[in-house]
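Take a look at the structure below.
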Amino acid sequence: MDELLSKENLEYRKRAREVADTVVRKVSAHYDREQTYPWEVLEALKKAELTGVWIPEAYGGPGGGLLNLCIVVEELSKACGGVGVAYAVNALGSFPIITGGSEEQKQAWLPSIAKGEKLIAFGLSEKDAGSDAGSLACKAIRDGDHYVLNGEKKWNTNGGVAHYYTVYCQTQPDKGIRGISAIMVEKGTPGFTIPKVEDKMGIRCVPVVELKFEDARVPVANLIGKEGGGFRNAMSTLDLARPGVASQAVGLAAGATRLALEYAANRKQFGQAIVSFQAIQFMLADMDCQTEVARQMVYNAARIVDQATDNLRHPEAIANAGGPAGFSKYSAISKVFATDMAMKVTTDAVQIFGGNGYMKDFPIEKYMRDAKITQIYEGTNQIQRLVIGRAMLRELGNVEK
Ligand code: CAA
């Protein structure tokens with residue numbers, strides 16, 4: 001299917017594949033075991049000029065847009081799902097600025113992210129506000145030219161290693177969802193701490209932490225967009241970011257299928273390579289089919305955004321993609337299909353490895369562990385189905401009009 005990719009797409013893929021093959025593959029088991037951040041991978045990504053692919057030229061990036069971001073995430077995830085998200089989460093954290101920040105904020109924050117000098121995290125979820133993202137308890141109360149933040153955030157990916165944190169808080173708690181605002185908090189802000197680093201099933205090379213704010217004072221100048229516009233900002237950010245999770249899933253599935261194919265070609269039982277048994281060949285064929293369908297679905301979702309926004313150079317033009325609600329559906333479809341697919345494909349890959357697949361001596365069980373989170377984060381697949389179902393009902397309304 002290379003024919004449908006541009007020269008630029010292929011060039012990004014080549015560079016990402018090189019980083020994946022020469023650096024990531026060698027260290028993925030180590031960082032999975034140690035549960036520490038793979039700084040050497042970040043250095044390799046910087047050298048390959050792959051950090052901040054999605055950031056427009058005006059803010060120090062190459063203007064690669066969403067499709068090239070997805071292509072890079074897919075290649076990295078073929079080698080390690082943790083590295084895939086460690087990379088993609090910087091897009092999730094910076095989309096709120098790209099879509100909602102002022103020119104001054106974009107100039108101040110995006111160039112160092114584009115260069116990979118600073119990492120960024122996205123702080124939406126709380127202990128009691130996961131799927132119900134509108135019920136936030138974290139507060140930011142205005143005091144002169146500062147907001148005073150109090151509360152906690154949960155499951156913050158990249159937390160601790162990131163310098164910037166896009167944090168969603170209630171600035172007008174009596175207004176519910178319409179009282180939520182997006183605020184940029186920098187590492188080192190007094191009163192901002194990380195009380196817990198989670199011990200995870202998969203994606204173990206990237207930290208997932210709790211954030212705590214105790215009278216943390218943040219300049220009002222760090223408000224992204226309008227006061228009360230935070231929920232919409234978070235939702236449209238997730239619309240843009242979900243194809244990235246989907247491409248992580250595609251990469252995991254493709255990587256696991258390749259390992260299973262190689263294993264089946266070499267593993268002998270009953271006097272022959274197990275790949276010669278139709279039972280195994282059909283499994284591999286199904287794994288490849290499902291991965292390819294998901295891949296095209298992800299590329300399609302990314303192309304809708306890139307075409308409408310000129311590779312995110314004009315993010316306001318996302319409305320041309322059928323409005324936020326219109327694109328939401330394609331983003332959710334790519335996420336739900338690709339991640340459910342990855343769970344099945346990586347589980348089947350473990351099955352092909354048989355007893356060896358269950359052991360940590362072999363690399364395949366990590367793919368299954370890494371795949372599980374893709375069905376959960378950036379909106380559980382139950383929430384994606386809700387987004388798709390609501391969009392279908394809206395479309396029905398449009399048809400009737
Ligand atoms: N774009 C723009 N605006 C949107 C929108 C979208 N996609 N979806 C909703 N909105 C707007 C609505 O128009 C509405 O605006 P008005 O009040 O002005 O009319 C407002 O937001 C409220 O919308 P809903 O009534 O639909 O809100 P809801 O409470 O029913 O919730 C939901 C909607 C889809 C369930 C939402 O809460 C949701 O997406 N939940 C999942 C949260 C999530 O994905 N969390 C992931 C955390 S990040 C993470 O996981 C990162 C990581 O670790 C790597």
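Values in this document were obtained by computation on a predicted structure and should not be read as measured data.
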Fill in the blank from the handout: side chain to side chain donor-acceptor pair (under 3.5 Å) filter on Arg258, not counting sequence neighbours, yields Glu262
Problem - Set of residues satisfying side chain to side chain donor-acceptor pair (under 3.5 Å) with respect to Lys127, sequence neighbours excluded - result: none
Side-chain contact test, heavy atoms from C-beta onward, threshold under 4.5 Å: evaluate it for [X] versus [Y] and give yes or no.
{"X": "Gln351", "Y": "Thr347", "answer": "no"}
{"X": "Trp39", "Y": "Val161", "answer": "yes"}
{"X": "Tyr377", "Y": "Trp155", "answer": "no"}
{"X": "Lys360", "Y": "Glu365", "answer": "yes"}

Problem - Heavy-atom donor-acceptor pair, Glu34 side chain to His30 backbone, under 3.5 Å - result: no
Practice task
Going by the side-chain contact (heavy atoms from CB on, under 4.5 Å) test, name the single residue among Leu124, Asp128, Ile177, Val167 that passes it with Leu136.
Solution key: Leu124
Practice task
Give the ring-plane orientation class for Phe362 versus Tyr263, where under 30° counts as parallel, over 60° as perpendicular and anything between as tilted.
Solution key: perpendicular
Practice task
Report the residues that fulfil salt bridge (charged side-chain N to carboxylate O under 4.0 Å, His left out) with Arg15, sequence neighbours left out, ordered by chain and then residue number.
Solution key: Glu11
Exercise for the section: Could I get the full list of salt bridge (charged side-chain N to carboxylate O under 4.0 Å, His left out) partners for Lys196, not counting sequence neighbours? Expected result: Glu198
Under 3.5 Å, which donor-acceptor pairs link side chains of residues 90-103 to any protein atom two or more places apart or in another chain?
unit_1, atom_1, unit_2, atom_2, d
Asn90, OD1, Ile120, N, 3.0
Asn90, OD1, Asn158, ND2, 3.3
Asn90, ND2, Ala86, O, 3.0
Asn90, ND2, Tyr87, O, 3.3
Ser94, OG, Trp54, NE1, 2.9
Ser94, OG, Asn90, O, 2.7
Ser94, OG, Ala91, O, 3.4
Thr99, OG1, Phe95, O, 2.8
Ser102, OG, Gln105, N, 3.1
Glu103, OE1, Tyr59, OH, 2.8
Glu103, OE2, Tyr59, OH, 3.3
Glu103, OE2, Gln107, NE2, 3.2

Problem - Close aromatic pair by centroid cut-off 6.0 Å: Tyr165 and Phe192 - result: yes
Exercise for the section: State whether a side-chain donor-acceptor pair under 3.5 Å links Asn356 with Asp361. Expected result: no
Problem - Test item: side-chain donor near acceptor, Asp288 and Thr291, under 3.5 Å - result: no
Donor-acceptor list for residues 199-207 side chains, cut-off 3.5 Å, not counting sequence neighbours:
unit_1, atom_1, unit_2, atom_2, d
Asp199, OD1, Gln35, NE2, 3.1
Asp199, OD1, Arg204, NH1, 3.0
Lys200, NZ, Gln35, OE1, 3.3
Lys200, NZ, Val206, O, 2.8
Arg204, NE, Asp32, O, 2.6
Arg204, NH1, Lys200, O, 2.9

Practice task
Show your working on side chain to side chain contact (heavy atoms under 4.5 Å, CB included) between Ile71 and Tyr299 and close with a plain yes or no.
Solution key: CA-CA 8 Å; Ile71 287 171; Tyr299 290 2; 4.0 Å; yes
Exercise for the section: Using a strict cut-off of less than 4.0 Å between a Lys/Arg side-chain nitrogen and an Asp/Glu carboxylate oxygen, indicate whether Arg217 and Asp145 qualify as a salt bridge. Expected result: no
